[in-house]
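Notes follow once the structure below has been shown.
Proteins get letters first, then strands, A, B, ... in listed order; numbering begins at 1 in each.
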Amino acid sequence: MQQPPPGGVAPPPSLTNDPSQTQYYQQQQPLQPWMMTHQQQQASQPVPPPAGWNPPPVPPPYQMHWYSDSAATGSGEIRSLWIGDLQPWMDENYLLSIFAQTGAVVSAKVIRNKQTGLPEGYGFIEFVSRAAAERVLQSYNGLPMPSAEQSFRMNWASLGYGEKRQEEGPEYTIFVGDLAADVSDYMLQETFKAVYPSVKGAKVVTDRTTGWSKGYGFVKFGDESEQIRSMTEMNGMYCSTGAMRIGPAASKKLGTDQQYPKAAYQNTQGNPGEVDPKNHSGSFSFILVYLISWYGQLNYELNYSNADICWWFGSQCF
DNA sequence: CATGAGCGG
């Protein structure tokens, strides 16, 4: 979901200029929010819009005792999240200030180029437990980032540990164009998942420098027949405020084995670019996504209540 | 209109 910053707040200046320095969060409140009920957590859910965003003072690297204990066990439990599409001004303090309210964040680190010291556009956020990280992943992902016209793009940090996520079977991807500017990964995924259960994930391609959508994306299926069907059935269906244009996805890999003709597909009415009124499921997803695009809190509601469908974030392919 | 790149210490 792309939204203008509250009051047009300018990006906050960075307080720390120390490159490649992990910032640790000093515990200021009892850690329990991930145990809260849905309603309780929702009350503190809206990230305080930083009108004149004041970065909290960050102490020198500091580890809480339970963090050391957990690390010593070497349990191998992944409790860090990868976060991408970061703007250069989004430093460790910015990330910590966002997730501090969860009471479960341990540290944040923005990856910078070793030579230039410039941010690489991604980072890592460590939490006290995998459960805490998962809660953050499910409740924040896809929501607008504070003071930024872009959405959170997070995933499990797994590559660094060399731990492969569960090996998923074959994947079948489609290209989706004509996306409205506010369509997020989650929104796109839900639009298709509401119709095709085998949907494994979706990704909206964004401009790295601006964070804005490029107006197209991809949806990944686990079932080939559903992929085939979706290319005709979902063509012209609405996602947010725009009708989608669906086509075959060119292979992302170097092999040009999957070269499909770039022909536009037609929906079941043979009327590309328009909603098929007979497609009930498509209308449902249209309504669903429309509501999501208007209410960030509702987005959170749905996200939370459908925790099972958020497992695809574990896949590193999207 | 268009065919994604984003894993450290």
Side-chain angles (χ1 to χ4, degrees), chain A residues 18-24 61 63 67-68 71 74 76 78-87 90-92 95 106-115 117-126 133 137 141 150-165 171-181 183-185 188-189 200-209 211-220 227 231 235 239 242-265 272-273 312-318:
Chain A
D18 187 4
S20 67
Q21 176 68 46
T22 300
Q23 301 288 343
Y24 289 89
Q63 296 183 357
Y67 167 64
S68 302
I78 300 178
R79 52 187 195 281
S80 292
L81 298 180
W82 178 94
I83 182 169
D85 288 355
L86 295 181
Q87 299 300 125
M90 296 176 176
D91 59 4
E92 286 83 356
L95 296 176
V106 175
S107 66
K109 181 177 186 179
V110 171
I111 303 305
R112 296 177 174 81
N113 185 283
K114 284 186 170 60
Q115 277 74 37
L118 296 176
E120 296 281 5
Y122 69 93
F124 298 90
I125 307 158
E126 184 181 9
L137 183 62
N141 215 354
Q150 61 183 266
S151 309
F152 283 105
R153 191 190 291 272
M154 295 185 291
N155 207 332
W156 287 107
S158 57
L159 295 186
Y161 288 99
E163 299 193 24
K164 286 298 175 190
R165 310 293 307 170
E171 296 164 353
Y172 308 93
T173 307
I174 63 171
F175 172 88
V176 183
D178 282 354
L179 288 178
V183 174
S184 67
D185 292 354
L188 184 61
Q189 177 199 242
K200 281 181 154 49
K203 177 171 184 177
V204 175
V205 178
T206 57
D207 187 315
R208 286 267 313 180
T209 59
W212 281 84
S213 167
K214 285 185 174 178
Y216 65 90
F218 301 88
V219 178
K220 187 174 65 180
Q227 176 221 25
M231 287 199 280
N235 192 50
C239 185
M244 299 178 289
R245 180 79 54 176
I246 299 183
S251 177
K252 183 165 60 171
K253 313 194 170 179
L254 40 100
T256 53
D257 45 2
Q258 269 195 328
Q259 287 300 347
Y260 297 90
K262 281 197 161 187
Y265 280 72
W312 68 273
F313 279 120
S315 166
Q316 59 196 27
C317 296
F318 272 93

Would you mind classifying the nucleic acid contact of A/Tyr122 as base, sugar-phosphate or nothing, using non-hydrogen atoms under 4.0 angstrom? sugar-phosphate
How many whole angstroms separate atom CD of A/Glu126 from atom P of B/dC7? 19 Å
Would you indicate which nucleotide in B/dG9, B/dC7, B/dG4 comes nearest to any side-chain atom of A/Lys109? B/dG9
Atom-to-atom span, CG of A/Leu86 to P of B/dG8 - whole angstrom: 15 Å
Measure the distance from CD1 on A/Ile246 to P on B/dC1 and round it to the nearest whole Å. 14 Å
Provide, to the nearest angstrom, the distance between the CG atom belonging to A/Asn113 and the P atom belonging to B/dC7. 13 Å
For a quick check of understanding: with a heavy-atom distance under 4.0 Å over all strands, which category does A/Arg208 fall into, base, sugar-phosphate or nothing? sugar-phosphate
Can you tell me the distance, in whole Å, between the CG atom of A/Asp207 and the P atom of B/dA5? 10 Å
Among the candidates B/dG6, B/dG4, B/dG8, find the nucleotide nearest to the side-chain atoms of A/Ala157. B/dG8
Judged by whether its glycosidic angle lies within 90° of 0, B/dG6 is anti
Mapping A/Trp82 and A/Gly215 onto DNA chain B by nearest heavy atom, which one lands closer to the 5' end? A/Gly215
Side-chain contact, heavy-atom cut-off 4.5 Å: A/Phe124 with A/Trp82? yes
Nearest-Å distance, CD (A/Gln87) to P (B/dG6)? 13 Å
All heavy atoms of A/Ser213 vs all of A/Val204, minimum pair found to be OG-CG1, 3.3 Å
B/dG8, B/dG6, B/dT3: which one has an atom nearest the side-chain heavy atoms of A/Arg153? B/dG6
As a test of reading the structure: which of B/dG6, B/dG8, B/dT3 is closest to the side chain of A/Phe124, going by heavy atoms? B/dG8
What residues, two or more places apart in sequence or in another chain, satisfy ring pair (Phe, Tyr, Trp, His ring centres under 6.0 Å) together with A/Tyr216? A/Phe175
Check this one for me: any side-chain N or O of A/Lys114 less than 4.0 Å away from OP1 or OP2 of B/dG9? yes
Spacing of A/Glu120 atom CD relative to B/dG9 atom P, expressed in whole Å: 10 Å
In terms of heavy-atom contacts, A/Ile83 and A/Ile125 come closest through CG2-CD1, 3.9 Å
Between CD1 on residue A/Ile111 and CD on residue A/Glu120, distance to nearest 0.5 Å: 8.5 Å
Measure from CD1 on A/Ile83 to P on B/dC7 and round the result to the nearest Å. 15 Å
